[in-house]
**Q** 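Can you read through this structure? Questions will come right after.
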Amino acid sequence: MLELQDVHSYYGTSHILQGVTFNVPEGKCVALLGRNGAGKTTTIHTISGLVKSKRGTITFKDKQVQALPTHQITRHGIGLVPQGRRIFPSLTIKENLTMPARKGKGNSKAVNWDIDKVYELFPILKERENNMGTQLSGGQQQMLAIGRALMTNPQFLLMDEPSEGLAPVIIDQVGEIVSRLKETGLSILMVEQNISLACQVADEILIMNKGTIVWNGTPDELLENKDIQHKYLGVS
Ligand SMILES: Nc1ncnc2c1ncn2[C@@H]1O[C@H](COP(=O)(O)OP(=O)(O)OP(=O)(O)O)[C@@H](O)[C@H]1O
Ligand SMILES: [Mg+2]
């Protein structure tokens, strides 16, 4: 459904993505792991059009999207849950959710997201809909960031470290949410540093190091491979 082929991206003269190639099949969740600074967020930003690649192709549903502006990539059905949530602090929960709303074609199983469906998935957001974004806990902010991306009716969701800064019990909830989203037919690329969360929800694992994919395999293969965990993920 989404395919990157030899993608190269730069910040100024810094060559960050150095030939990234992988694909995410429809309805699957692929997790992208790697140390700080490996290029994971740059990969997510390149797919969503916030960073323009200088070489290579990004194909989404048989159409090349690497040259399109961000809003058109969103309109094609790629939603972003950014690292650090990036919710609007001076807006209420409800305003945060309704701002990006887009009437979509829905995904293959035809969930058409609207505010009521987001509130069904996250009842706490309904209870607190008139609170300001900043009045939420980290876990609630993550739910809001996911809900906001769903309001654009994506068929494909990019999630950048959804577990970052969250307590273990909340990380488990994030895992359950991701599994439920997959059941609705969404395809997901999830950047993570939490190996157990990634292995719990993903169908396939990619490891990035210095701007290229250096390993791929199933969650079980990663969990068995202590050398790879040590070499690229800093697990001692
Ligand atoms: N706006 C920017 N300008 C210049 N260099 C940047 C910029 N953003 C990131 N970089 C550099 O690009 C490299 C990759 O950064 P990136 O944010 O993609 O890493 P990451 O894998 O997401 O790391 P983390 O796990 O810490 O979020 C790093 O060396 C970083 O310093
Ligand atoms: Mg990052």
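Remember, it's 1-based here, ligands and their atoms both numbered in the order they're listed. Computed from heavy atoms alone, side chains included, the values below leave out hydrogens, waters and symmetry copies.
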**Q** Verify the neighbour count for atom NZ of Lys52: are there more than 12 heavy atoms of other residues, nucleotides or ligands below 6.0 Å?
**A**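 Result for NZ/Lys52: enclosed.
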
**Q** Would you call the rings of Tyr10 and His15 parallel, tilted or perpendicular, taking 30° and 60° as the class edges?
**A**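 The arrangement is parallel - the two ring planes meet at less than 30°.
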
**Q** Once rounded to 10 degrees, what value does the angle at the Mg ion (ligand 2) take between OE1 (Gln83) and OG1 (Thr41)?
**A**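 Value returned, to the nearest 10°, is 80°.
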
**Q** Output, or 'none' if empty, a list of ligand 1-protein atom pairs in which both atoms are N or O and the distance is under 3.5 Å, rounded to 0.1 Å.
**A**
residue	atom	partner	partner atom	Å
ligand 1	18 (O)	Thr41	N	3.4
ligand 1	18 (O)	Thr42	N	2.9
ligand 1	18 (O)	Thr42	OG1	2.5
ligand 1	19 (O)	Gly39	N	3.4
ligand 1	21 (O)	Ala38	N	3.2
ligand 1	21 (O)	Gly39	N	3.0
ligand 1	21 (O)	Lys40	N	2.9
ligand 1	21 (O)	Lys40	NZ	2.8
ligand 1	22 (O)	Thr41	N	2.8
ligand 1	22 (O)	Thr41	OG1	2.8
ligand 1	23 (O)	Gly37	N	2.8
ligand 1	25 (O)	Asn36	ND2	3.3
ligand 1	25 (O)	Lys40	NZ	2.7
ligand 1	25 (O)	Glu161	OE2	3.0
ligand 1	25 (O)	Gln193	NE2	2.8
ligand 1	26 (O)	Asn36	ND2	2.8
ligand 1	27 (O)	Gln83	OE1	3.2
ligand 1	27 (O)	Gln83	NE2	3.0

**Q** Where do Lys40 and Asp160 land on the salt bridge (charged side-chain N to carboxylate O under 4.0 Å, His left out) test, with the steps shown first?
**A** CA-CA 8 Å; Lys40 305 180 300 295; Asp160 197 347; over 6 Å; no

**Q** To the nearest 0.5 Å, tell me how far Trp215 CH2 sits from Asp227 CG.
**A**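 Answer for the CH2-CG pair, Trp215 versus Asp227, is 12.0 Å.
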
**Q** Report yes or no: do Gln142 and Arg85 form a side-chain donor-acceptor pair below 3.5 Å?
**A**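 Yes.
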
**Q** Indicate whether any N or O donor in one side chain lies under 3.5 Å from an N or O acceptor in the other, for Tyr119 and Glu127.
**A**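 Side chains of Tyr119 and Glu127: no pair found under 3.5 Å.
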
**Q** Does any N, O or S atom in Thr42 come within less than 2.8 Å of the Mg ion (ligand 2)?
**A**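 No.
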
**Q** Donor-acceptor pair, Arg148 side chain versus Met99 backbone, under 3.5 Å?
**A**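 No, because the side chain of Arg148 does not come within donor-acceptor range (under 3.5 Å) of the backbone of Met99.
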
